[in-house]
Every structure is written in C-alpha cells, then in structure tokens.
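Quick note on labels: first sequence line is chain A, next is B, and so on, each numbered from 1.
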There are 2 protein chains.
Amino acid sequence: MAVVPARDRILQTAFALFYARGIRAVGVDLIIAESGVAKATFYKHFPAKDELVLAYLDKVDTIWSGQLRDAARAAGDAPGEQLVGMFDALASACRREGYRGCAFINAAAESVPGTAVHQRTVAHKESVRTWVADLADQAGAADPAGLARTLTLLLDGGLADGALSADPRVAEDARATARLLVAAATA
Amino acid sequence: MAVVPARDRILQTAFALFYARGIRAVGVDLIIAESGVAKATFYKHFPAKDELVLAYLDKVDTIWSGQLRDAARAAGDAPGEQLVGMFDALASACRREGYRGCAFINAAAESVPGTAVHQRTVAHKESVRTWVADLADQAGAADPAGLARTLTLLLDGGLADGALSADPRVAEDARATARLLVAAATA
DNA sequence: TTGATGGTAGACAGATCTGTCTGCTAACGT
DNA sequence: ACGTTAGCAGACAGATCTGTCTACCATCAA
C-alpha cells in the first residue's frame, strides 16, 4: 500500500483538476494518470464519475465551511463581529493563486437542475445560509433569515466577481457592505 | 432561402441550448440537428465551435445590457433612482422559467482564464461596471467607482443565488441593499 | 499456507465530439 | 444564360470519453 491510499490520491487529484479546469473538461483518464492509480482501482472506489464529483463537492464543502467558521471565530466572540469577520475568508480565497470562483457555483453552471450534482450545490448554499442565520439570530437581528439571505448574497457575489476581476477591493467592498448591513439590522 | 437565415437559426438554437445545459454539454451535432441546418452550413458561418460560443456571449451581452438599461430608465430620470431600478431587471430574470444564472459567470466556470471565452466574460462584467460607474457619477456619489463595484457585486450575487434558490426575496434583498448603499454614498 | 484485500497495467468496446469533404439544389444578379 | 452564393444531406476521419474486463502482484491474517 502506498504512503497515501489510492482513494485519497484520486480525490486529491480530482480536487485540483476539477477546480482548475472545470468538471466536464477533466476526463477520468487524466485523473487516473495524474494520481498514478490503475483504472480498475479508480472504478472500484468511484463506480461512476459523478460519484467522484460528489465526493469532490463534499471535500470543498468541508474546507470552505471550515474557513468561513475560522474567519468568523477570529473576529471575536460577538456574533455581529463574526458576521463581518467571515468575509475575511472571502478575501483570503480571492487572493489565492489559481482562484477560480466558487466551486459550487461553477459546478451548478455545468449541471442541469435536478441532478445530484446540482442538488448538492443547493444544499451547500443552504447550509451556509442556515449557519449565517443562526449567527444573525444570536446577534439580535430583527430579521435573521433576511439578513442571512443578504449576507450570503454578498458573499456569493464576491466569490463570483473575485474570479472575474483581479481587484482585491471587491472583497473589501463586500466586507464593508456587510458591516453596514449588520449594523443596520441590529440597531 | 428560408424565412429566417441559417446563421440566425443556429445562433438562436445555440442560445437556448448553451444557456439551458451549459456550453460543453451541448455538441455541435445537436445544434445542427435542432436548427435544421447542414453541417457544412454550420461550419461556413462558424469555423469552430468557439466562435459560436463567442457569438452567443455577444448576443447575451446585448440582451442583458438592454434589460439593465431599460429597467434603469423605467425608474425615472434621477441617476440615483436608476441605480436602484436596474435591480428590477434582476428580479425579472430570476422569475423567468428556465432561469439558470448569469450566462457569463457560467461560461467563465467552463473556461480556463486567458482563453477568448473567459476574456469575453471579463469584458462584459467590466462594461456593465463602467456603465454603473457613470450612473453613480451622475448621481453625485463620493466614490463612483467604489459604488459601482459594490452594486455590481450585489447584482452578480443576485444572479448567482437566483439560480440556486427559488426564493424571490433574494432579488428584493439585492434591490433593498442597493437602495441603502446608494443613499449612503450620495448623502 | 491459503485466501481475502487492495493494488497495478493496459486492452477493449461503444458512444460522442469536432471538424472535413463530396455532391446536389435553388435562387438571384448581371 | 450563367456564374455566384447560400443552403441541404450525410459519409468520414480522428480524437476523446466513460466504463468493463482480464491478468498479475503483494501483504496480511487466520
């Protein structure tokens, strides 16, 4: 057995390639070659490409949700501050070399509504929004769900625009607007 | 010659299929079959698929920019009102049957940075932002470029989230936030 | 020792995709 | 009358993509 199990190597390779080039643009043959795995091994772990895509999205969800929570926590204990602080994760993401937008929005762009991949995207966005709504509630917002909708709207806009513009002020704008909204909603 | 020229039929068919299913997911054979055109005719007008994709993006740009301007104008003569009014185009778009997000963001998700398709997306977003900045300037904003960045951020967030959530309040939230921002920036 | 487990290597089938090429037809302008 | 232009129909080549299958190898536990 290799130092790192075949399944992990496949998923790691797929993670990098899917994000960098898009899901449909990357064939399983390439993933197999890059991860140095046999074809039979690949299909043993992922009976169909779609299952690998789903595993990829799960991995992204774990990572991104973690970064969001870390950034929020780093802003202090006050829920209102955390709502603003999570936008630091956006700024970090956009600064990253090879940043190419939100993996979920990208995946949704490549899939038809109703498919498992598309549904996974919707579920991810909803889970983030639920977490934000919880924070908004703790912050004493008059309409936590509404504030959460608006803040995630801002977050997704930053995620999308960050890929289309090299301007780092985009993330700053999103953060500043978030601060304004949080202040207005918890006044 | 048919009632509607072959080139128009091809472009019209591509427009519907590319938007509904994604660019890579639609093969030229399908477009040829659906538009009832001969293969040679297709390649005469569009020597490569990428050129059709570019023509598709140009068509989307014309339509969407027009809707944005129409919505802005419908809000009255005051530039500040127009900045808020353009978000009505977002609400209309999200309500439309078969809405699947921003064609440009989707196209960018399927293309690698640096390619012609990706550059066209960046150019579109920039042209919209420039138009918004002009309006912001007329509205007497202290920082027109900054306000334009934030408003387009909001617009793109609404475009992206509208495809991932059936909630019509998303567009309303974007509009309300825009009103808040415009008021704050032109105070 | 033997059998289960997890892996490698790579041929193969069948579908699909882009792009080329040949031939035929009909309308239009000069 | 005739050449040009626009179009239709469809075979074909060559690449690529997903997924299956056979054969072989190494490790480890019972």
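Look at Arg9(B) and you'll find a side-chain N or O under 4.0 angstrom from OP1 or OP2 of dC8(D). Considering only side-chain N and O atoms, His45(A) lies nowhere under 4.0 angstrom from the phosphate OP1 or OP2 of dG6(C). Side-chain nitrogen and oxygen atoms of Thr41(B) include at least one within less than 4.0 Å of the OP1 or OP2 phosphate oxygen of dC8(D).
Mapping Gly27(A) and Arg7(B) onto DNA chain D via the closest heavy atom, the residue that lands nearer the 5' end is Arg7(B). Nearest-nucleotide assignment on DNA chain D puts the 5′-proximal partner with Val28(A), out of Val28(A) and Ala40(A).
In this entry the distance linking CD1 of Ile23(A) with P of dC17(D) reads 15 Å, nearest Å. Computed from coordinates, the Phe42(A) CZ to dC17(D) P distance equals 13 Å when rounded to whole Å. Atom-to-atom, CZ of Phe46(B) to P of dA6(D) comes out at 14 Å; the value is rounded to the nearest Å. Atom-to-atom, OH of Tyr43(B) to C1' of dA9(D) comes out at 16 Å; the value is rounded to the nearest Å. Between Leu30(A) atom CG and dC17(D) atom P there is a gap of 8 Å when expressed in whole angstrom units. Atom P of nucleotide dA11(D) and atom CD1 of Ile32(B) are separated by 14 Å, given to the nearest angstrom. In this entry the distance linking CG of Asp29(B) with C1' of dA15(D) reads 14 Å, nearest Å. Protein atom CD of Glu34(A) is 15 Å distant from nucleotide atom P of dT8(C), rounded to whole Å.
A salt bridge links Arg179(A) and Glu81(A); the closest N-O separation between the charged side-chain nitrogens and carboxylate oxygens is under 4.0 Å.
Judged purely by atom type and a 3.5 angstrom limit, Asn106(A) uses its side chain to pair as donor or acceptor with the backbone of Arg100(A). Panel note: side chain Arg9(A), backbone Val4(A); a donor-acceptor pair is recorded below 3.5 Å. The main-chain N or O of Ile31(B) is found under 3.5 Å from a side-chain atom of Ser35(B) such that the two form a donor-acceptor pair. A side-chain donor-acceptor contact under 3.5 Å links Glu110(B) to the backbone of Ile23(B).
Side chain Lys44(A) to base dG7(C): no donor-acceptor pair is found below 3.5 Å.
Nucleic acid contact class of Ala48(A) (heavy atoms, under 4.0 Å, all strands): sugar-phosphate only.
In the set dT18(D), dT8(C), dC8(D), dT18(D) carries the atom at the smallest distance from any side-chain atom of Lys49(A). Closest to the side chain of Lys39(A), out of dA9(D), dG19(D), dG7(C), is dG19(D).
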